Amino acid sequence: MTIRVYNSLTRQKEVFENKGNRIGIYVCGVTPYSETHLGHARPSIIWDVIKKYLRYRGYKTFHVQNFTDIDDKIIARANAEGRDPLEVAAMFSHDYLASMDALGVERADLYPKVSEHIGDIISMIESLIAREHAYVVNGNVFFDVASFSDYGKLSNQKLDELQAGTRFEVDPDKKNPLDFALWKRVKPSEPAWESPWGKGRPGWHIECSAMSLKYLGNEFDFHGGGCDLIFPHHENEIAQSEGATGKPLARYWLHNGMLSIKQAKMSKSLGNFVTIKDILKEYPSQLVRFYILSSHYRSEIEYHDEKLAEMRRGWQRFNDCIVNLAGLIDNKEIVEQELHGEEAVLADKIQKAEQEFIDAMNDDFNTALAIAVLFNLLHQVNGYIALGYHTKQADYVLAEAYRVFTTLAGDILGIIKSETRQLTGLTEPLMELILTLRTELRNQKDYQLADLIRDQLASLGIMIEDTAHGPRWKFKNDR
RNA sequence: GGCGGCAUAGCCAAGCGGUAAGGCAGAGCUCUGCAAAAGCUCCAUCCCCAGUUCAAAUCUGGGUGCCGCCUCCA
C-alpha cells in the first residue's frame with residue numbers, strides 16, 4: 001500500500017515516491033516576535049505525526065525548520081522595547097521550542113536561523129543576479145518576477161491578474177509592482193550586514209530558499225507550512241530557488257488549514273490568540289493533540305474556549321482503556337499463544353485495526369479517520385476486558401491490544417497520557433489493601449462504610465470502579 | 001476584482017460515483033447494593049436548483065452562505 005498525499009502544486013492527490021535513502025522535509029517555521037499560540041501548534045503537531053508515521057513505516061526522515069529571526073515585526077518590537085532584535089527573536093524562539101516540547105512535538109533535526117546564514121543568502125542572490133532573475137537598485141536587490149515564466153504556478157495566479165488590487169505602496173524602484181526584495185538597503189535603527197550591494201538585510205522569502213538548498217539540496221521531498229503561506233511566500237521561494245538552480249525546489253507541497261479563534265468568548269485582553277502556555281495550564285498536551293488531529297490537516301478548524309472540555313470525555317476513554325490494559329498485564333509473563341475462540345476473534349480485530357489505521361494514514365495522513373479506527377478497536381477491547389478472563393491466552397491478546405494502542409495512539413499520534421499511573425512505592429500496595437478491606441465490607445453488606453471509603457478516595461482524586469470481576473481504581477481524569 | 005477552500009445529525013467530524021465512519025450530547029437496555037466504568041440498541045439522505053449516470057453527499061452548470069490568500073501571519 002502506497003502513501004498518497006495532496007500536492008498543492010498540482011492540486012491533486014499523488015502517490016508519494018521517495019528518492020534517496022531518507023525523506024527530506026522542510027517546514028516553514030515561525031517568525032519569533034511574540035508568544036507561541038495554538039495556530040503554531042497545528043503544523044508542528046501535524047508534521048510531528050507525519051514524521052513519526054513515516055518512520056513507523058520504515059522510512060528515515062530529515063526535518064529542517066527555520067526561524068526567521070530577521071524580520072520587520074521583530075525589529076519593530078525590539079525598537080519599541082529598546083532591545084536588540086536578535087535578542088527578542090532568541091527569546092521567542094525559546095518560547096516556541098519550549099511550547100512544542102510541552103506538546104510532545106519531537107524536535108526537528110535542524111533549526112537554521114536567518115542571522116546565521118547571511119553568507120548563503122548573499123551567494124544565492126548573487127546567482128540570481130547572474131542569471132538575470134534579479135536586479136540591483138540603490139542598494140536594494142529585487143527579484144524580477146517577469147523573468148521567471150513559472151511565476152504563479154503554486155498559487156495558480158497569473159501575473160497580470162495579480163497586479164490588480166494591490167493596496168500597498170509600491171516601491172518606485174521596482175520594475176514590476178510584484179517584484180519582491182531579496183536584499184533590503186540598510187535603514188536607521190535596523191540591523192544590517194555587509195554585502196556586495198552595501199549594508200542591508202535579507203528580504204523575507206530568500207532565507208527559506210537558501211537554507212533549504214543548503215541542508216536538503218534540490219528537489220527534496222516535502223515542503224510544508226500553513227496555507228496562508230502559499231502566496232506570496234512559497235510562490236516566491238519557488239521563483240528564487242528554481243531561478244537560482246534551474247531545478248525544482250520540492251516535490252510535494254503540503255499546506256495545512258488555518259485554525260481560527262471563535263470570537264464569542266474572547267480570551268484575555270489582547271488579540272485573538274490563545275497561547276500554548278495558557279492552554280496547557282488547563283488541559284493536558286495529549287488532549288490538545290487529540291483535538292488538532294481529530295480533523296484532517298487541510299481543513300480549517302475553529303477553536304473556542306469550551307472546545308477542549310467538550311472533547312475531553314471521548315479522549316479520556318483511551319487513557320482509561322490503556323490504564324486498564326496495563327493493570328491487567330502488569331507483572332505477568334506474556335507468552336505467545338495459539339489463540340482460539342474469543343481471543344482469536346479479538347486478535348483478528350486488532351490486526352485489522354492496525355491495517356485500517358495504516359490505510360487511513362496512507363491516504364493523505366487522514367488522522368481523523370485513523371482516530372475513528374482506534375475508537376472502533378476501543379469498543380472491541382473494552383468488550384473483551386469486561387468478560388474478565390485471566391487465562392494465558394487472555395494475557396497474550398491483551399498485551400497485543402496494549403502494544404497496538406501504545407504504538408498507534410501513543411507513539412505515533414501522541415494522544416495518550418504517558419504518565420497515566422505515576423506510582424510511588426507505597427501507592428500500589430496501599431490501594432490493594434484498601435480495596436481488599438472495602439470488598440470485605442461490601443461482602444458484609446456494610447455499604448455505608450464502603451461508600452464512605454469510596455467518597456473519601458474520590459475527594460483525594462482516586463476513583464474506584466466496582467466491576468463484575470472485582471474493583472479497580474484510577475486517578476481522576478483531572479490532568 | 002483575481003486565486004483557493006468550505007457547506008454532512010443539537011455540536012464536532014470522515015467520506016471523493018455504488019447506496020451516510022467515528023466522537024460528544026441525548027434516549028432505552030444490560031451489569032450493579034448504589035455510584036462509576038463498560039457493553040448493546042436507537043438517533044441525518046448530506047445548503048438550494050437544474051443536469052450527467054443504471055447509480056451522486058460524492059461529477060457538471062447555476063444560485064446562496066461562510067472562510068482564507070492577494071499586505072505581516074503557521
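Treat the numbers as computed from the prediction; the structure is a model and nothing was measured.
Nucleotide B/rA20 holds its P atom 17 Å from the CG atom of A/L369, rounded to whole Å. Atom CG of A/L287 and atom P of B/rC24 are 13 Å apart (whole Å). Rounded to whole Å, the distance from CD1 on A/I230 to P on B/rC69 is 11 Å. Rounding to whole angstrom units, OH of residue A/Y297 and P of B/rG5 are separated by 14 Å. Between the P atom of B/rC70 and the CD atom of A/Q157 lies a distance of 10 Å, rounded to the nearest Å.
Both A/R11 and A/R442 lie close to RNA chain B; mapped to their nearest nucleotides by heavy-atom distance, the more 5′-ward contact belongs to A/R11. RNA chain B is contacted by both A/Q380 and A/Y6; A/Y6 maps to the nucleotide lying nearer its 5′ end (nearest heavy atom per residue).
As judged by a 4.0 angstrom heavy-atom cut-off over every strand, A/H255 is placed among residues making no nucleic acid contact. Base engagement by A/I464 is indicated by at least one non-hydrogen atom pair under 4.0 Å involving a base atom. As judged by a 4.0 angstrom heavy-atom cut-off over every strand, A/S44 is placed among residues making no nucleic acid contact. In this structure, A/G29 reaches the sugar-phosphate backbone alone: every heavy-atom distance under 4.0 Å involves primed, P, OP1 or OP2 atoms, never a base. The residue A/D466 sits close to a base: some heavy atom pair falls under 4.0 Å. Within the nucleic acid shown, A/L259 comes within 4.0 Å of at least one base atom, counting heavy atoms only. Using a 4.0 Å heavy-atom cutoff across all strands shown, A/T467 reaches no nucleic acid atom at all. Using a 4.0 Å heavy-atom criterion, one finds that A/D451 contacts the bases of the nucleic acid, with or without backbone contacts as well. Backbone-only engagement by A/N382 is indicated by non-hydrogen atom pairs under 4.0 Å involving sugar-phosphate atoms exclusively.
Aromatic ring centres of A/F92 and A/F67 lie farther apart than the 6.0 Å criterion allows.
The aromatic ring of A/Y447 sits over the base of B/rG33, with ring centres less than 5.5 Å apart and planes inclined by under 30°.
The 12-atom threshold is exceeded at NZ of A/K13, counting heavy atoms of other residues, nucleotides or ligands nearer than 6.0 Å.
Distance alone, capped at 3.5 Å, places no donor-acceptor pair between the A/D179 side chain and the A/K174 backbone.
For A/I412 against A/R289, the heavy-atom pair with the smallest separation is O-NH2, 4.2 Å.
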